[in-house]
Asks: 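Encoded as structure tokens, here's the structure I'll be asking about.
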Amino acid sequence: MAEHGSLSFPDGPRSELEEAIASLLTQSERVMRAQGRLRALLRATQAVVEQSDLTLVLSSIVEAAIELVDAKYGAMGVINPEHDALEQFIYAGMSDEDAAAIRHLPEGRGLLGALITEPHPIRLAEMDGDPRAAGFPANHPPMHSFLGVPVRVRGAVFGNLYLTDHRDGGFSDEDEQLLEALAATAGFAIENARLLGEAQTRTRWMTEAAELSSAILSTPTTTALDLLATRLRDVAEAELISVLVPHAQSAEFRVAAASGADEAALRGSFLDPTAVFAGRVLEDGRAHSQARVPAGEHDPLLIAHDGVTGPVMAVPLLTGSQFLGVLCITRGPDHRRFSPAEIDGAVDLASRASIALELARAGEEAHRALLADDRRRIARDLHDHVIQQLFGAGLGLQALADRIGPGPDGETLGETIDQLDDAIVQIRTVIFALSHRDDTSVRHRLLDVVGELSATARRPPAIRFNGPVDLIVRDELATDVVAVARELLSNAIRHARADHVSIEVGVQDEEVSVTVDDDGTGIPSDAVHSGLANLRERAARRGGSFSVATSGSGTTARWTSPTRSSTTPRESA
């Protein structure tokens, strides 16, 4: 016993007590630390599962992993379906400027490739000493310690989680275990996000397919393919949409519509199916797609940068066994590849659009058939009733004129008879236009020009045809005749302020002539004659002539050309 009743322990027991207390403190610290890391794991898990968008899920996984194991840099590499490289790389801890300076993000070489080949955790105190390391590209920040674990979704490796530069030195076994636990949770979150994303993608494509089909049915078939290319570009998140149709006179594709990069240059161009990716559809009639690949021979339908082409998808436009064309959807090299859900959506949309196109064409053909029947009926009524009545009236007036004899009344009757004859000629022209519709004939092309310009005229121009115009005037000569008629009629209607304008097109003695008469104010002396000069040059180029007689009471312009090719110009009157 110590003096004054104080309590004391022998040295031996006191030492054992201190050791026991120290051991308890150490264990309590470990428990507290373990609890802290477990809470950190729970926070990381919560941050991951709270997201529903796949891109946000992947970013949250990387950020949560960095915080969980106290790393400086982190990344998630998504492996491509072929399991030989990375197709997506999400990073954290590195600034956008540093990433831009590296230019090319990792594609799955070195240590990253080792995790792809053998999906097992890799933990290194120093990366430089490992034989699997491939080094860093230029402008890459220095990195030392490394920890990588695979992320599995339903047993299959989706990608890998990479962490570098532990802030306290190297990564521990405990860090590896925590990261594996987070990776397991991340797999479930990724699977849920993928399923939700696929459902949203299919819904988006199905909605667009239904709306587009309805729009095509109410759109003229001449602009339906342009509508298809324009509407599809947004839903496909593409840089270029091309619609290719087979050319009737060759084995080539014609770009019937395009929307996106270089669309103006592509429209109307012809492509060899064997030289473009879209031509693969002809082999089996199925949809084809490919991801980023090194650029080979030039394919104008692909988007290429730095020698690499972006993802592309080619989908056939089919209705039963009838092949309408190919829908080519292209993205840039920096964009993701087309997912199976997008390919399925594009195939469904193309099928619906093809059916809508066929229905629209059938509807237009039915409408044209009804219109043709109405035209033939009107033409028959004009021929059987109106012309006969006018002809009978003319005969009656002619008999009256013969009884009256020469004189003012006889001249008036003669003028009236001439007007009736002119009306009969005009009605016969209308009958021809109604009953023999052929958009390729020069006669109908000229009638369309007259109809188009009549909207701005005081009264419709009168048009007459003499000789076998449709039989002789064809191809380039027909194009010149239509252009000349348009220019002369436009001048007479817009500038001459005429009450009466007439055009006569005739073929005689191997020569075609276009004559336009008007009773307007004539051509002013100070007028710009660029249009007339063009007509004179067009005539001279074909070995023909062009003459203009004008006065204050009207103008007569006459353009002629040999019906056979000639290069010897004639003198103009």
Asks: Considering residues, nucleotides and ligands other than M206, do more than 12 of their heavy atoms fall under 6.0 Å from its CE?
Replies: no
Asks: So does V484 get a backbone contact from the side chain of E487, meaning a donor-acceptor N/O pair under 3.5 Å?
Replies: no
Asks: Where is the tightest heavy-atom contact between F253 and P273, given as atom of each residue plus distance?
Replies: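 Heavy atoms only, the tightest pair is CE1-CB, 4.0 Å.
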Asks: Heavy-atom distance under 4.5 Å between the side chains of V442 and V482, does that happen here?
Replies: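 Yes; the side chains approach each other to less than 4.5 Å.
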Asks: Measure centre to centre between the rings of H247 and F270, then say whether the value is under 6.0 Å.
Replies: yes
Asks: Hey, mind stepping through L282 and T274 against side-chain contact (heavy atoms from CB on, under 4.5 Å) and telling me if it holds?
Replies: CA-CA 9 Å; L282 296 178; T274 62; over 6 Å; no
Asks: Looking at side-chain heavy atoms only, is the closest gap between S289 and I343 below 4.5 Å?
Replies: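 The answer is yes; the side chains approach within 4.5 Å.
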Asks: Between the main-chain N or O of D470 and the side-chain N or O of R474, is there a donor-acceptor pair closer than 3.5 Å?
Replies: yes
Asks: Give the ring-plane orientation class for Y162 versus F89, where under 30° counts as parallel, over 60° as perpendicular and anything between as tilted.
Replies: parallel
Asks: Could you walk me through whether L163 and F171 pass the side-chain contact (heavy atoms from CB on, under 4.5 Å) check?
Replies: CA-CA 9 Å; L163 296 171; F171 294 100; 4.1 Å; yes
Asks: If we only count heavy atoms from C-beta on, is the I61 to I90 side-chain gap below 4.5 Å?
Replies: no
Asks: Could you check D348 against S351 for side chain to side chain donor-acceptor pair (under 3.5 Å), going step by step and ending with a plain yes or no?
Replies: CA-CA 5 Å; D348 177 66; S351 177; 5.9 Å; no
Asks: Write down the atom of P121, the atom of P150, and the distance for their closest heavy-atom approach.
Replies: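 Looks like N-CD, 4.0 Å.
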Asks: Using 4.0 Å as the upper bound for N to carboxylate O, is an ion pair formed by E208 and R204?
Replies: no
Asks: In Å and rounded to the nearest 0.5 Å, what is the OG1 to CG distance from T164 to L147?
Replies: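 One finds 10.0 Å between OG1 of T164 and CG of L147.
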Asks: Would you call R286 and D284 a salt bridge, using N to O less than 4.0 angstrom?
Replies: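 No, no charged N to carboxylate O under 4.0 Å.
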Asks: Please give me the minimum heavy-atom distance between V276 and P300, naming the atom from each residue.
Replies: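 It is CG1-CD, 4.3 Å.
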Asks: Find the distance between CZ (F146) and NE2 (H166) and round it off to the nearest 0.5 Å.
Replies: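 If I round to the nearest 0.5 Å, the distance is 14.5 Å.
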Asks: If you compare all heavy atoms of K72 against all heavy atoms of I66, which two are closest, and at what distance to 0.1 Å?
Replies: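 Scanning both residues completely, I find the closest heavy atoms to be O-CD1, 4.5 Å.
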Asks: When you look at V151 and V157, which way does the side-chain contact (heavy atoms from CB on, under 4.5 Å) test go after all the steps?
Replies: CA-CA 6 Å; V151 177; V157 177; over 6 Å; no
Asks: Can you check whether T309 reaches I303 side chain to side chain, under 4.5 Å on heavy atoms?
Replies: no
Asks: So, D173 and R123, do they make that salt bridge, N to O below 4.0 Å?
Replies: yes
Asks: Do F158 and R152 pass the side-chain contact (heavy atoms from CB on, under 4.5 Å) test, and can you show the C-alpha distance, the side-chain angles, and the key distance before you say yes or no?
Replies: CA-CA 5 Å; F158 171 82; R152 290 179 169 83; over 6 Å; no
Asks: I want to check something: taking the side chain as every heavy atom from C-beta on, are F323 and L317 in contact at a cut-off of under 4.5 Å?
Replies: no
Asks: Working to the nearest 0.5 angstrom, can you tell me the gap between N160 CG and H120 NE2?
Replies: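 Between atom CG of N160 and atom NE2 of H120 there are 11.5 Å.
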Asks: So does E239 pair up with R331, basic N to acidic O under 4.0 Å?
Replies: no
Asks: Check the side chains of T223 and D226 for a donor-acceptor pair under 3.5 angstrom, ignoring hydrogens and angles.
Replies: no
Asks: Is there a side-chain contact between L266 and L301 (heavy atoms, below 4.5 Å)?
Replies: yes
Asks: Would you give the length of the straight line joining atom CG of L453 to atom OG of S490, rounded to the nearest 0.5 angstrom?
Replies: 6.0 Å
Asks: Has the side chain of S218 got a donor or acceptor atom that lies under 3.5 Å from a matching backbone atom of A215?
Replies: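 Side chain of S218 to backbone of A215: a pair is present.
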Asks: For H144, which residues count as a ring-ring contact (aromatic ring centres under 6.0 Å, His included) partner, sequence neighbours excluded?
Replies: none
Asks: Checking D262 now: which residues fulfil salt bridge (Lys or Arg N to Asp or Glu O under 4.0 Å) with it, not counting sequence neighbours?
Replies: none
Asks: Okay, side chain of S59, backbone of L56: is any donor-acceptor separation there less than 3.5 Å?
Replies: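 Not at all, since once roles are kept as given, no pair shorter than 3.5 Å links the two residues.
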Asks: Charged N to carboxylate O below 4.0 Å: is that the case for E358 and R361?
Replies: yes
Asks: Measuring from atom OG of S214 to atom CZ of R352, what distance do you get when rounded to the nearest 0.5 angstrom?
Replies: 11.5 Å
Asks: Heavy-atom count check: over 12 atoms from other residues, nucleotides or ligands less than 6.0 Å from F188 CZ?
Replies: no
Asks: How about V315 and V281: do any of their side-chain heavy atoms sit closer than 4.5 Å?
Replies: no
Asks: Strictly below 4.0 Å, N to O, side chains only: are R336 and E237 in salt-bridge contact?
Replies: yes
Asks: Do you know the tightest heavy-atom contact between L217 and A356?
Replies: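 Minimum heavy-atom separation between L217 and A356: CD2-O, 3.5 Å.
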Asks: Okay, side chain of D448, backbone of R445: is any donor-acceptor separation there less than 3.5 Å?
Replies: no
Asks: Look up atom CG in L349 and atom CG in L327, then write down how far apart they are to the nearest 0.5 Å.
Replies: 7.5 Å
Asks: Between L244 and A278, which heavy-atom pair has the shortest distance, and what is it?
Replies: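 Shortest heavy-atom separation between L244 and A278 comes out as CD1-CB, 3.6 Å.
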